[in-house]
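Taking it in order: structure first as structure tokens, then the write-up.
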Amino acid sequence: MTTQPIVREFEADLRVVSAVEAATDVVTLTLAAADGSALPPWTPGAHIDLVLGDDLVRQYSLCGSPADADRWRIGVLRTPDSRGGSKAVHAELGEGATVRVRGPRNHFPMVASPRYLFLAGGIGITPMLPMIAEAEASGADWRLVYGGRSRASMAFLDELAAYGDRVTLLPQDEAGLPDLDALLGVPQPDTLVYTCGPSGLLDAVEARCSSWPAGSLHLERFAPRAASGEDEDTAFELVLQRSGLTLTVPADRSVFEVCKAAGVSVVGSCLEGVCGTCETEVVDGDVDHRDSVLNEEEKESNEFMMICVSRCRSDRLTLDL
Ligand code: FES
């Protein structure tokens with residue numbers, strides 16, 4: 001897959017240097033090491049984990065500049081999240097607070113292209129900010145279409161104003177929804193589409209881009225893709241090649257859970273197939289990919305799988321663990 005492995009093992013308590021209201025229900029946090037030391041490098045599209053409590057880990061895109069080596073910026077939308085991740089960020093992470101951070105990781109990397117179409121919905125603007133800065137710096141031809149409920153709910157409008165008419169703002173209460181047929185109905189040559197936002201937008205963009213050349217569409221989800229006709233959960237044998245173990249994954253447990261119970265070192269975060277932390281190399285087996293990270297080509301290549309949600313259609317799955 002195209003993942004860019006960036007210092008995965010970094011984990012530290014970072015200080016909230018500033019917490020600023022960027023739009024209605026959106027706060028931007030700037031994080032830094034307590035001693036001001038440099039943080040791991042990252043590239044546009046990367047995200048970090050905030051560890052907000054026991055079993056409460058949330059992913060947020062880095063939206064500052066990779067050139068700022070000693071600080072990271074994220075934007076967090078307050079949502080009616082069942083487990084309260086974003087509420088905890090808004091309520092507890094004021095200036096001077098400390099938060100456990102892991103990462104960064106990048107499952108949404110920029111691929112070099114002469115032309116980009118960026119489509120952002122709501123807080124999905126965050127990974128786009130460093131991307132458009134890079135596109136601009138590289139001299140690429142690019143355009144951003146940014147939709148939101150209303151102008152007041154759309155963060156970073158002041159920063160985007162510097163890009164002039166490359167940016168189209170579509171507050172829904174003034175301009176309605178983006179016209180995806182006009183934007184994507186005809187595949188554009190040498191153009192890559194990058195999109196992030198609510199599932200409805202991503203599903204609609206994905207459907208429109210099905211007629212585009214393979215590899216044109218790049219998207220990032222922060223909520224699991226809706227299940228669509230997945231196979232029934234069945235038991236299968238799990239061979240861990242490096243550990244020399246053969247285990248059974250019953251129908252009601254995940255590969256991740258079975259590995260963990262057997263004392264095998266596996267790392268997970270979201271445990272719902274969206275963050276990419278548990279990505280594992282596949283040696284053999286017909287993987288039933290159920291994650292929201294890998295694209296279709298990556299799934300077909302059968303090289304990697306997200307062991308927190310994906311399963312196996314064949315009787316045996318062999319992993320490089
Ligand atoms: Fe997030 Fe598996 S732990 S994708």
Side-chain angles (χ1 to χ4, degrees), residues 1-11 42 45-62 74 76 79 81-86 89 100-109 124 126-127 196 199 202 206 218-228 230-231 233 236 238 240 247 249-250 252-283 285 287-312 317 319-321:
M1 67 173 293
T2 52
T3 298
Q4 298 173 352
I6 314 172
V7 197
R8 284 190 170 211
E9 59 279 15
F10 176 82
E11 179 166 349
W42 60 280
H47 69 259
I48 54 173
D49 287 349
L50 293 196
V51 182
L52 299 164
D54 292 343
D55 295 329
L56 184 55
V57 180
R58 286 288 178 270
Q59 289 74 42
Y60 297 102
S61 295
L62 290 170
I74 56 171
V76 180
T79 57
D81 173 340
S82 58
R83 288 194 294 158
S86 67
V89 171
R100 191 82 178 159
V101 177
R102 295 189 202 128
R105 286 176 221 109
N106 197 343
H107 289 276
F108 192 36
T126 49
C196 186
S199 298
L202 302 191
E206 203 167 32
H218 299 254
L219 56 79
E220 181 163 62
R221 293 177 186 269
F222 281 96
R225 188 196 301 270
S228 59
E230 279 165 353
D231 294 347
D233 292 351
F236 53 92
L238 176 64
L240 304 181
L247 308 166
V249 180
D252 61 348
R253 300 187 76 192
S254 68
V255 173
F256 183 91
E257 288 169 328
V258 168
C259 289
K260 205 144 189 158
V264 177
S265 173
V266 284
V267 185
S269 176
C270 69
L271 301 185
E272 53 183 15
V274 296
C275 75
T277 312
C278 67
E279 184 181 58
T280 301
E281 193 173 337
V282 177
V283 177
V287 178
D288 177 9
H289 291 282
R290 300 183 180 188
D291 64 275
S292 306
V293 178
L294 301 177
N295 63 31
E296 286 312 310
E297 294 107 75
E298 289 164 346
K299 287 177 181 171
E300 272 163 32
S301 78
N302 217 36
E303 287 177 48
F304 294 92
M305 69 182 283
M306 303 302 151
I307 60 171
C308 63
V309 290
S310 296
R311 302 188 64 82
C312 185
L317 173 67
L319 298 178
D320 182 33
L321 277 175

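Note that ligands are numbered from 1 as they come in the structure, with each ligand's atoms numbered from 1 the same way.
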Task: T126 side chain vs S61 backbone, donor-acceptor pair below 3.5 Å - done: no
Open item on the list: I'd like to check which ligand 1 atoms, numbered from 1 as shown, lie under 4.0 Å from a non-hydrogen atom of S269.
Closed with: 3 (S)
Task: Backbone N/O of Y60 and side chain of H47: donor-acceptor pair under 3.5 Å - done: no
TODO: Please note down the angle at atom 1 (Fe) of ligand 1 between SG of C270 and SG of C275, to the nearest 10°.
DONE: 100°
Open item on the list: At under 4.0 Å between heavy atoms, is it the side chain or the backbone of V293 that contacts ligand 1, or both, or neither?
Closed with: neither
Task: ligand 1 contacted by D291 (non-hydrogen, < 4.0 Å) - done: no
Open item on the list: Regarding C308, does it place an N, O or S atom less than 2.8 Å from atom 1 (Fe) of ligand 1?
Closed with: no
TODO: Could you tell me whether R100 and D49 have a side-chain N and a carboxylate O separated by less than 4.0 Å?
DONE: no
Open item on the list: Can you tell whether the side chains of E272 and R290 come within less than 4.0 Å, N to carboxylate O?
Closed with: no
Task: atom 4 (S) of ligand 1 [closest protein heavy-atom partner, distance rounded to 0.1 Å] - done: G276 N, 3.2 Å
Open item on the list: Distance check below 2.8 Å: does C278 bring an N, O or S atom to atom 1 (Fe) of ligand 1?
Closed with: no
- [ ] Give the atoms of ligand 1, by number and element, whose distance to some non-hydrogen atom of V274 is under 4.0 Å.
- [x] 4 (S)
Open item on the list: Quiz question: by atom type and distance under 3.5 Å, do the side chains of S86 and R58 form a donor-acceptor pair?
Closed with: no
Open item on the list: Distance check, rounded to the nearest 0.5 Å: F304 atom CZ versus K299 atom NZ?
Closed with: 15.5 Å
